[in-house]
Amino acid sequence: MQTARAQISALRPRLVFAALAIVAFGLLAAGLILGEVVHLDPCYLCNFQRFLYIVVALLSLGACLINRWPRFWGALTGLAALWCVAAAAEQSWMQFFPDQVKECGLNDPTLVETIVNWLSDMWPAMFMVTGLCTVKDWVFLGLSLANWSALCFLALAGVAVWQVLRRG
């Protein structure tokens, strides 16, 4: 009988990336459904996180389908996930200290705002900005949706980094 550690290390990279893709698409779907049910207004950083959930899912799907260079794909996926951890952390900070920040979209557009504006032109139903980054519309167990997103992306990044560091 194999130990738990041996069973985990025996996981094929293809299966791990398939699971990452499913989880990333699932988290995106859960966020979209929650937004509709609770009537949340997405801000620039919310929509940027949606975009990065799609990026992480597509990179993971690509790794699963190509089934070569797992460390390369793990590094790309991990970098995308860590970028979103940073975006979710920034939004969390904005929500904790709303009086100390200038609201998104009110000044010259940043790179994130430019990307989201372009995405909104291409796919308005998914990326239309209707809310403010400093507003906590939904809280569960004391954490806002941005906090939960940061934790989820941290977990996705952890699995991707594990793919980079694992042997074999």
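Keep in mind that the numbers below use all heavy atoms, side chains included, and drop hydrogens, waters and symmetry copies.
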Close side-chain approach of L27 to L156, heavy-atom, < 4.5 Å: yes
Which pair of non-hydrogen atoms, one from S60 and one from A21, has the smallest distance, and what is that distance? CB-N, 3.6 Å
Nearest 0.5 Å, what's the CG-CH2 distance between L20 and W162? 9.5 Å
Minimum heavy-atom separation for A150 and A89, please, with both atom names. CB-N, 4.5 Å
Within one Ile-Leu-Val-Met-Phe-Trp-Tyr cluster: L32 and M122, side-chain cutoff 4.5 Å: yes
Hydrophobic clusters here meaning ILVMFWY residues chained together by side-chain heavy-atom distances under 4.5 Å, can you tell me if L79 and V23 are in one? no
SG on C64 to CZ on R12, rounded to 0.5 Å: 13.0 Å
Verify same cluster id: L58, W123 (apolar side-chain graph, 4.5 Å): yes
Taking the side chain as every heavy atom from C-beta outward, state whether T77 and Q163 have any pair of such atoms under 4.5 Å apart. no
Give the intermediate values and the outcome of ring pair (Phe, Tyr, Trp, His ring centres under 6.0 Å) for residues Y53 and F153. CA-CA 8 Å; Y53 274 114; F153 267 111; 4.0 Å; yes
Cluster question for you: counting only ILVMFWY and a side-chain heavy-atom cut-off of under 4.5 Å, with indirect links fine, are F25 and I66 together? yes
To the nearest 0.5 Å, tell me how far R50 CZ sits from S149 OG. 11.0 Å
With clusters defined by side-chain heavy atoms of hydrophobic residues (ILVMFWY) lying less than 4.5 Å apart, directly or transitively, does V55 cluster with F72? yes
Derivation and outcome, side-chain contact (heavy atoms from CB on, under 4.5 Å), residues L59 and F17: CA-CA 9 Å; L59 286 171; F17 282 116; over 6 Å; no
Could you tell me if the side chain of C84 sits less than 4.5 Å from the side chain of F51, heavy atoms only? no
Minimal non-hydrogen separation, L45 against A87, with atom names: CD1-O, 4.1 Å
For N147 versus S92, what's the shortest heavy-atom pair and its separation? ND2-OG, 2.7 Å
